[in-house]
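Worksheet for the structure shown next.
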Amino acid sequence: MTALPTEALAWAALALGALLVGFAKAGIAGTSSVAIVLFAAVMPAKESTGAMLLALIVGDLIAIRYYSRHVEWRILARLAPWAVLGVLAGAVVLDYADDAAVRPLIGAILLALVVLQLVLKYVRRDRDEPPDLPPLLRHGAAAATGTSAGAATMLANAAGPIMVLYLFLSGFSKLRFLGTMAWFFLAINLFKVPFSVGLGLIDRSTLLLTACLVPAVALGAVAGKAVVKRVEQRQFEIATLAMTAVGAALLMV
């Protein structure tokens, strides 16, 4: 059974992590990477994934409230079967991994995704339009994205940067990006819940913990929505990548 934190500093870290989850879901994708580190810093790494999952679902619901009309269902249908496959593979790995192995694994996943983002920035540096991929590569990219996103989100709740990469390459506008991300992650996170319960990552204490953190998630979402209206996305990309890299390094130490 998940033990609730008793120290004020631990609760502060969880509240800040929950606020960053809301901010990432309704504003700048990627800031939840720091939340992953904060949750894992005060909870066992495997159990922290269960608590994070519930906080992420709350954030997904709020994001859908904001951006429900801006979604590309065709893209979601293309990714869905591969994401399911990735979640199943991640659940198998998580069942056999111990806490000491999961923590650096989370960090390694995040670092790899930072590298992907940097590659994306380099490739698109001199391009105003996304590349027009042939059908075979387009379907292959969907398969790779869906599978890796499903596995990464099951193992570490860290699929956000993978989806950012894919949707940026697809040339999504800001609102379509946020709406599609919200619906994709709500569906995949709800699909993960039975596996997380079966693996012992979610129990009554986890539900109680998440209930206490809902106001922080909501506050972060309100802040994220306000920021995304006023600031261009590119101004946050470097900061988001830096926070992800720092968080990954802390987990791997």
Side-chain angles (χ1 to χ4, degrees), residues 21 24-25 29-30 32-33 35-36 39 45-64 67-68 70-97 101-102 105-106 108-110 112-113 116-117 133 135-170 172 176-203 206-207 210:
V21 166
K25 291 295 184 179
S32 59
S33 298
I36 294 173
F39 272 64
K46 290 178 69 173
E47 294 180 5
S48 74
T49 62
M52 269 290 295
L53 173 58
L54 296 179
L56 289 168
I57 290 173
V58 174
D60 291 327
L61 290 170
I62 297 173
I64 285 177
Y67 309 115
S68 61
H70 308 282
V71 56
E72 184 57 64
W73 295 109
R74 177 177 52 86
I75 294 293
L76 295 183
R78 186 182 298 164
L79 293 172
W82 300 105
V84 169
L85 180 62
V87 168
L88 295 176
V92 172
V93 173
L94 198 58
D95 190 30
Y96 288 96
V102 170
L105 179 60
I106 293 173
I109 289 172
L110 293 177
L113 298 179
L116 286 176
Q117 291 281 44
L133 298 176
L136 183 60
L137 283 180
R138 188 162 59 244
H139 291 296
T145 298
T147 304
S148 57
T153 192
M154 189 67 224
L155 288 169
N157 293 308
I162 297 176
M163 286 297 293
V164 168
L165 177 72
Y166 181 76
L167 296 182
F168 276 4
L169 283 173
S170 299
F172 274 31
R176 286 178 65 216
F177 171 86
L178 290 168
T180 303
M181 286 277 281
W183 278 105
F184 176 83
F185 281 110
L186 177 63
I188 200 170
N189 284 334
L190 290 175
F191 179 69
K192 286 160 51 183
V193 168
F195 298 98
S196 296
V197 172
L199 292 169
L201 306 180
I202 294 177
D203 54 25
T206 315
L207 292 171
T210 305

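The structure displayed is predicted, hence computed values, not measured ones.
Closest approach of Val21 and Ala35 over heavy atoms only: CG2-CB, 3.8 Å. In this structure, Ala142 and Trp82 approach most closely via the heavy-atom pair O-CD1, 4.1 Å. Shown here for Met163 and Thr145, the closest heavy-atom pair between the two residues is SD-CG2, 4.0 Å. Taking each heavy atom of Ser196 and Leu53 in turn, the nearest pair found is OG-CD2, 3.4 Å. Residues Leu178 and Lys25 come closest through the heavy atom pair CD2-O, 4.4 Å. For the residue pair Ala182 and Ala63, the shortest heavy atom distance occurs at CB-CB, 3.7 Å.
In this structure, CG in Asp60 is found 10.5 Å from CZ in Phe184, a value given to the nearest 0.5 Å. Met52 CE to Asn189 CG: the interatomic distance, rounded to the nearest 0.5 Å, is 9.0 Å. The line from CG of Leu94 to CZ of Phe195 is 11.5 Å long, rounded to the nearest 0.5 Å. Of the inter-residue distances, the one linking Ile188 atom CD1 with Asn157 atom CG reads 10.5 Å to the nearest 0.5 angstrom. In this structure, CD1 on Ile57 lies 12.5 Å from CD1 on Ile62, to the nearest 0.5 angstrom. A distance of 10.0 Å separates OG1 in Thr49 from CG in Leu54, rounded to the nearest 0.5 Å.
Using a 4.5 Å cut-off on side-chain heavy atoms (C-beta onward), Phe191 and Val84 make contact. Between Ile64 and Val71 there is no side-chain heavy-atom pair separated by less than 4.5 Å. Within the 4.5 Å cutoff, the side chain of Thr206 has no heavy atoms near those of the Leu201 side chain.
Among residues two or more places apart in sequence or in another chain, the side-chain hydrogen bond (donor to acceptor under 3.5 Å, both in side chains) test is passed with Thr153 by Lys192.
A side-chain donor-acceptor contact under 3.5 Å links Thr180 to the backbone of Glu72.
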